[in-house]
Amino acid sequence: MHLLLSLLAFEAGNIDEVVDISFFQKLWNSIVKWFIDDRGWVKVLICLAVIVVGLILIKIILVILRKIVNRGKFKGIAGNFIVTIIKIILIFIYLIAILRVLGIDTSSFVALFTVGTLAISLAVQSVISNFASGIILVTNHPFNVGDLVEIAGITGTVEKITLFSTMLRTPDNKEISVPNSSVSGGNIINYSAKENRRVDLVFGVAYGSDVDKVKLTIQSVLDEHDLVLHDEGYTVRLNECGASSLNFVCRCWVKNADYWTVYFDINERMVKRFADEGIEIPYNTVDVNILPQKEENAELKQSGKSADKKPSAKKAVAAAEKAPKKTSPAKKETASKSTETKSKTVKK
């Protein structure tokens with residue numbers, strides 16, 4: 001080996017570097033010593049075995065995990081989310097195991113990884129919050145893709161659940177992306193969680209209506225509707241005596257898919273049935289009463305304030321314009337004196 005390195009250096013024209021050949025010789029000797037004398041070949045074989053076996057185990061675990069996810073409730077995006085997280089964890093453990101087999105201290109790598117993770121988490125705190133909230137949503141499983149939900153004040157159908165947000169499609173066909181932190185941090189109303197749903201309606205009738213007749217009329221409409229679940233029972237009672245109406249509450253159970261159909265049908269049928277039965281549906285009205293002039297003057301006299309003594313301002317102005325103008329005696333004397341002086345001056 002020493003001779004080979006010397007010949008290579010001589011052919012390259014670097015005769016001065018022959019002196020440094022001893023460094024490579026020492027390096028080679030240390031490698032040979034570690035590989036043979038220190039049984040380094042055993043560590044190499046173990047490392048190769050760990051690499052091969054580790055890759056095979058990771059693939060087997062992921063295949064089994066995907067089958068479990070597809071058979072369970074976590075299908076689609078939620079299942080892929082779980083598989084991706086577990087895959088990242090397995091790869092990290094796999095690399096640490098290889099370094100430990102080679103005899104490399106991994107404590108520094110773990111500390112470096114921890115510090116880096118902390119720095120990144122502080123820099124992208126909102127992203128990490130959405131990511132952690134996505135894990136909570138997938139774990140707790142409060143809703144599925146296709147459910148009608150109300151989250152963060154938005155009502156819509158769940159389209160998909162990603163790592164950082166939840167996609168909703170509103171009834172007017174708008175797609176809204178809601179951050180997972182807002183979803184998990186607020187109230188979640190799932191309208192599709194149960195098979196049956198209750199329809200709550202309120203009908204107002206005029207005062208003086210027969211209470212029993214109104215109740216029987218509402219019950220007859222519910223009895224005639226095919227989509228109402230009659231076995232679950234329903235409630236028809238006088239709920240409130242309002243300012244201008246008697247308010248009756250109507251509650252019945254329907255299938256979740258038939259909710260809006262029954263809701264609109266019952267409202268339309270009740271208006272027609274009330275009209276057929278002669279039951280009045282009240283609406284707000286305003287009565288305006290105008291008093292005659294004589295009655296108004298009589299009321300003023302009774303209160304001690306006669307209309308003749310204190311006429312209105314417009315009447316007083318009109319009367320003053322029509323009345324003849326009268327001058328006082330003092331004013332007449334001054335006027336006559338002024339005419340006499342004018343006549344004297346003219347004669348002179």
Side-chain angles (χ1 to χ4, degrees), residues 66 69-85 124-204 218 221-222 224-230 232 234-235 247 249-273 281 283:
R66 285 193 180 93
V69 168
N70 292 331
R71 291 178 182 178
K73 298 180 180 180
F74 301 102
K75 292 183 179 180
I77 296 174
N80 294 332
F81 179 80
I82 296 174
V83 172
T84 302
I85 296 299
V124 288
Q125 186 175 2
S126 60
V127 177
I128 298 299
S129 176
N130 291 328
F131 179 78
S133 299
I135 296 176
I136 295 173
L137 291 176
V138 173
T139 304
N140 293 339
H141 204 61
F143 50 79
N144 296 321
V145 175
D147 288 351
L148 179 64
V149 298
E150 181 180 345
I151 53 178
I154 301 171
T155 302
T157 304
V158 180
E159 290 287 314
K160 58 182 177 179
I161 306 170
T162 63
L163 295 176
F164 304 104
S165 63
T166 300
M167 306 299 295
L168 296 180
R169 178 172 52 83
T170 60
D172 55 349
N173 205 27
K174 291 187 294 187
E175 189 175 76
I176 301 177
S177 177
V178 183
N180 286 334
S181 58
S182 300
V183 178
S184 62
N187 296 328
I188 300 174
I189 302 175
N190 191 343
Y191 296 105
S192 303
K194 301 298 181 181
E195 183 180 0
N196 298 337
R197 188 176 173 187
R198 193 179 72 181
V199 179
D200 293 349
L201 297 171
V202 176
F203 299 105
I218 298 174
V221 172
L222 296 177
E224 294 171 1
H225 204 291
D226 296 333
L227 298 179
V228 174
L229 301 178
H230 306 291
E232 298 291 335
Y234 37 77
T235 302
N247 298 325
V249 65
C250 171
R251 296 171 181 170
C252 60
W253 291 90
V254 297
K255 293 291 184 182
N256 209 324
D258 301 328
Y259 178 84
W260 290 111
T261 302
V262 175
Y263 183 90
F264 294 123
D265 286 350
I266 296 298
N267 276 298
E268 293 172 358
R269 295 185 184 185
M270 287 309 308
V271 173
K272 296 178 181 178
R273 185 61 59 85
I281 299 176
Y283 54 90

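Remember, it's a predicted structure, so these values are computed and weren't measured experimentally. Start at 1 with the first residue, then count along the sequence.
In summary, of the residues considered (Asn144, Ile154, Leu168, Ile189), a side chain to side chain contact (heavy atoms under 4.5 Å, CB included) with Val149 occurs for Leu168 alone. Paired with Phe203 under the rule side chain to side chain contact (heavy atoms under 4.5 Å, CB included), one option of Val271, Asn267, Val221, Ile281 passes, and it is Asn267.
Note that the CD1 atom of Ile266 and the CZ atom of Arg273 stand 10.0 Å from one another [nearest 0.5 Å]. Rounded to the nearest 0.5 Å, atoms CD1 (Ile176) and OG (Ser165) are 12.5 Å apart. With rounding to the nearest 0.5 angstrom, the CH2 atom of Trp253 is 10.0 Å from the OG1 atom of Thr235. To the nearest 0.5 Å, atom OG1 of residue Thr166 and atom CD1 of residue Ile151 are 5.5 Å apart. Ile161 contributes atom CD1, which lies 8.0 Å from atom CG of Asn180 (distance to the nearest 0.5 angstrom). How far NZ of Lys160 is from OG of Ser177: 8.5 Å, rounded to the nearest 0.5 Å.
In this view, His230 satisfies the side chain to side chain donor-acceptor pair (under 3.5 Å) rule with no residue, not counting sequence neighbours.
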Under 3.5 Å, sequence neighbours excluded: what are the donor-acceptor pairs made by side chains of residues 193-202?
from: Glu195; atom 1: OE2; to: Lys255; atom 2: NZ; distance (Å): 2.8
from: Arg198; atom 1: NE; to: Asp200; atom 2: OD1; distance (Å): 2.9
from: Arg198; atom 1: NH2; to: Asp200; atom 2: OD2; distance (Å): 3.1

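Within the 3.5 Å criterion, the main-chain N or O of Tyr191 finds a donor-acceptor partner in the side chain of Asn256. No donor-acceptor distance shorter than 3.5 angstrom exists from the side chain of Asn173 to the backbone of Arg169, with no hydrogens or angles considered. With Asn190 contributing its side chain and Pro142 its backbone, the two residues share a donor-acceptor pair below 3.5 Å.
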Open item on the list: I'd like to know whether Leu148 forms a side chain to side chain contact (heavy atoms under 4.5 Å, CB included) with Tyr259, so could you lay out the CA-CA distance, the side-chain angles of the two residues, the decisive distance to 0.1 Å, and finally the verdict.
Closed with: CA-CA 12 Å; Leu148 179 64; Tyr259 178 84; over 6 Å; no
